Protein chains: 2
Amino acid sequence: MMSDHNKHDDDYFCSPSYSFSDTEKDGLYKAIFSRRDVRSHFLTDKALPDDIVFRILNAAHHAPSVGFSQPWNFIIIKDKSIRRQVKESFLREYRRSISLLEDYDNKNKQRKEKYMSLKLEGIMESALNICVTYDHTRFGPFVLGRTSIAETGVYSVCCAIQNLWLAARAEGIGVGWVSIVSNEDLHKILAIPAHIRPIAYLCLGYVNEFSDKPDLENAGWLPRLEIGKVICYDQWNNNVPIGFTP
Amino acid sequence: MMSDHNKHDDDYFCSPSYSFSDTEKDGLYKAIFSRRDVRSHFLTDKALPDDIVFRILNAAHHAPSVGFSQPWNFIIIKDKSIRRQVKESFLREYRRSISLLEDYDNKNKQRKEKYMSLKLEGIMESALNICVTYDHTRFGPFVLGRTSIAETGVYSVCCAIQNLWLAARAEGIGVGWVSIVSNEDLHKILAIPAHIRPIAYLCLGYVNEFSDKPDLENAGWLPRLEIGKVICYDQWNNNVPIGFTP
């Protein structure tokens, strides 16, 4: 099938026989397995075309949401002076994180040195930033499915972020999630109303490479867990039965 | 490229030239746009092969996670008596949700009737259920990137859920997220330790169809928002500029 990347969801009509070809499946798994949290590899001088940014945001907008509430907003930030303010917030929070590491882990100098050697954001080097937010008032106050667990609205926004991330990967665009930042600062810098909650601050741009493994795995910060260790049956701590081979 | 779905992430080596073919891109977008929250369309008599369940969980396990903390666990529930207890929790919470709808919306009988006409879960009809949980102690207490916003660990688990959902769709498997359930009940029924937080209770199974649109959109519960309404530039409420055509 030839590709038309301006397709909308309506173009992907589903019928009982609507299945994926092997190559289509491969496309999805390739995006999932080769997606990276990018900090170091942004091409600073290459802009992102608006139509591709839209395509990625449209993928995010088609995430599942509790009660179909679609409680997300996307602030696309190109302005350098605004980004510089976010970078300053990062730097303050980063300094604080070092003191937390010292508190938790004060006998392990090597770990602190490793932490301080890592590049943790690409706010200024990326082509643009996107702040993804959560609006709990959207289509409320009664949101179908949100009556037992209020946080499900936030979960919807996170699903949208993962769609965005995978679509970006397929378009050859790197995404880095800056979580070392103050939401209070983001509220001020981006003029976000009090009732809106920032969920993610993302850096997007073309890259010179996608690493073969996550940066933190490559750096020896933490290993990937064996998947068998995070699966159990019927109840917590019931081990995976023989015959189920991860 | 022929498909081998036992590929691991290592098989998807990334290099600067590592890009997606049009058909591979299509595969990702097809999963994103045709994914549905399934409640009504499960084929009750068709089991899910273990190797495909593993493939889907492996996709979840390759989600991004804050500080590479991989803070998720997956409880695969096939036992019918356990599922029946979860169904009872759903029914109690569902009855409570109706009284909430009456409180919020007491003049709108039509809305209540519509709400009560909707099928909201497939706990017993699906092939199996999966409870996805969050462990804030995993690789802690110092989790890189979680020092400013504690909830980022939960966000990681949600990204894993979205990977799971998309992989299931590509495999022809429907997923329904049951959010009308009590986490306190889940703790008891599934013997989940106190420090572990249930994030999602999912129903998985083969389906007789994937609807062309979300059930709640088809039922006229809510419309899909125009994407232009959820995008702004540089700061909140800066409208999308001319030239950016969603």
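Note that the structure is predicted; figures quoted are calculated from it, not measured. Letters A, B, ... mirror the listed sequences (proteins, then strands); counts begin at 1.
Atoms CD1 and CG, on I76(A) and N238(B) in that order, are 11.5 Å from each other to the nearest 0.5 Å. For the atom pair R138(A) CZ and K229(B) NZ, the distance stands at 11.0 Å (nearest 0.5 Å). The CG atom of D26(A) sits 12.5 Å away from atom CG of L28(B), with the distance rounded to the nearest 0.5 Å. In this structure, the separation between CG on L101(B) and CG on L144(A) is 8.5 Å, given to the nearest 0.5 Å.
In plain terms, the two heavy atoms of D234(A) and K78(B) that are nearest each other are OD1-N, 2.8 Å. Listed here is the closest heavy atom pair of C159(A) and C158(B): SG-O, 4.0 Å. Minimum heavy-atom separation, F68(A) to R224(B): CE2-N, 3.5 Å. Of all non-hydrogen atoms in L222(A) and F139(B), the two that sit nearest each other are CD2-CD2, 3.4 Å. Minimum heavy-atom separation, A59(B) to Y29(A): CB-CE2, 4.2 Å. Across every non-hydrogen atom of I75(A) and Q235(B), the tightest pair is CG2-N, 3.8 Å.
For a residue to count as touching a neighbouring chain, one of its non-hydrogen atoms must lie under 4.5 Å from one of that chain's; by this rule D37(A) does not touch chain B. Only the side chain of T133(A) has a heavy atom closer than 4.5 Å to any heavy atom of chain B. Of the two parts of L128(A), neither the backbone nor the side chain holds a non-hydrogen atom closer than 4.5 Å to a non-hydrogen atom of chain B. When heavy atoms are compared at a cutoff of 4.5 Å, L225(B) approaches chain A by way of both its backbone and its side chain. Contacts of L166(A) with chain B are made by both backbone and side-chain atoms, with heavy-atom separations under 4.5 Å. Residue R83(A): no heavy atom, backbone or side chain, is found under 4.5 Å from chain B. In this structure, no portion of R92(A) lies under 4.5 Å from any heavy atom of chain B. For V154(A), the part lying near chain B is the side chain, with the backbone staying farther off; criterion is any non-hydrogen pair under 4.5 Å. For I189(A), the part lying under 4.5 angstrom from a heavy atom of chain B is the backbone only.
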- Determine, stepwise, if the pair E93(B) / T147(A) fulfils side-chain contact (heavy atoms from CB on, under 4.5 Å). CA-CA 8 Å; E93(B) 293 297 310; T147(A) 46; over 6 Å; no

- side-chain contact (heavy atoms from CB on, under 4.5 Å) assessment of I227(A) paired with F74(B): CA-CA 10 Å; I227(A) 187 169; F74(B) 305 93; 5.9 Å; no

- Could you walk me through whether R146(A) and S179(B) pass side-chain contact (heavy atoms from CB on, under 4.5 Å), step by step? CA-CA 7 Å; R146(A) 209 184 63 185; S179(B) 59; over 6 Å; no

- Item | Residue pair D103(A), F142(B): steps toward the side-chain contact (heavy atoms from CB on, under 4.5 Å) verdict | CA-CA 9 Å; D103(A) 291 349; F142(B) 182 85; over 6 Å; no

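Of the listed residues (S156(A), A167(A), S65(A), G172(A)), the greatest number of heavy-atom pairs within a distance under 4.5 Å of chain B belongs to A167(A). Between chain A and the options F20(B), Y115(B), W72(B), heavy-atom pairs under 4.5 Å are most frequent for F20(B). Counting heavy-atom pairs closer than 4.5 Å to chain B, the top residue among N237(A), D135(A), T152(A), I149(A) is I149(A). Between chain A and the options V66(B), V181(B), I192(B), the largest number of non-hydrogen pairs under 4.5 Å is found for V181(B). Options A191(A), A160(A), G140(A), A60(A) differ in how many heavy-atom pairs under 4.5 Å they form with chain B, and the most are formed by A191(A). Contact tally against chain B (heavy-atom pairs below 4.5 Å) for I180(A), N163(A), I130(A), L120(A): the top residue is N163(A). For the set A200(A), S182(A), P223(A), the entry with the most heavy-atom pairs within less than 4.5 Å of chain B is P223(A). Interface summary for chain A: among V178(B), N73(B), N129(B), I161(B), the most heavy-atom pairs under 4.5 angstrom belong to N73(B).
Considering only heavy atoms from C-beta on, P64(B) comes within 4.5 Å of Q162(A) through its side chain.
Between the side chain of K30(B) and the backbone N or O of K25(A) there is no donor-acceptor pair closer than 3.5 Å. A donor-acceptor pair under 3.5 Å is absent between the side-chain atoms of T23(A) and the main chain of T23(B), judged by distance alone. Listed for the H61(B) side chain is no donor-acceptor partner under 3.5 Å among the backbone atoms of G228(A).
Classification of the W177(B)-Y155(A) ring pair by plane angle, with boundaries at 30° and 60°, yields parallel. Using a 30° and 60° split on the angle between ring planes, H62(B) and F33(A) fall in the perpendicular class, above 60°.
Partners of F90(B) according to the ring-ring contact (aromatic ring centres under 6.0 Å, His included) rule, which considers only residues two or more places apart in sequence or in another chain, are Y94(B).
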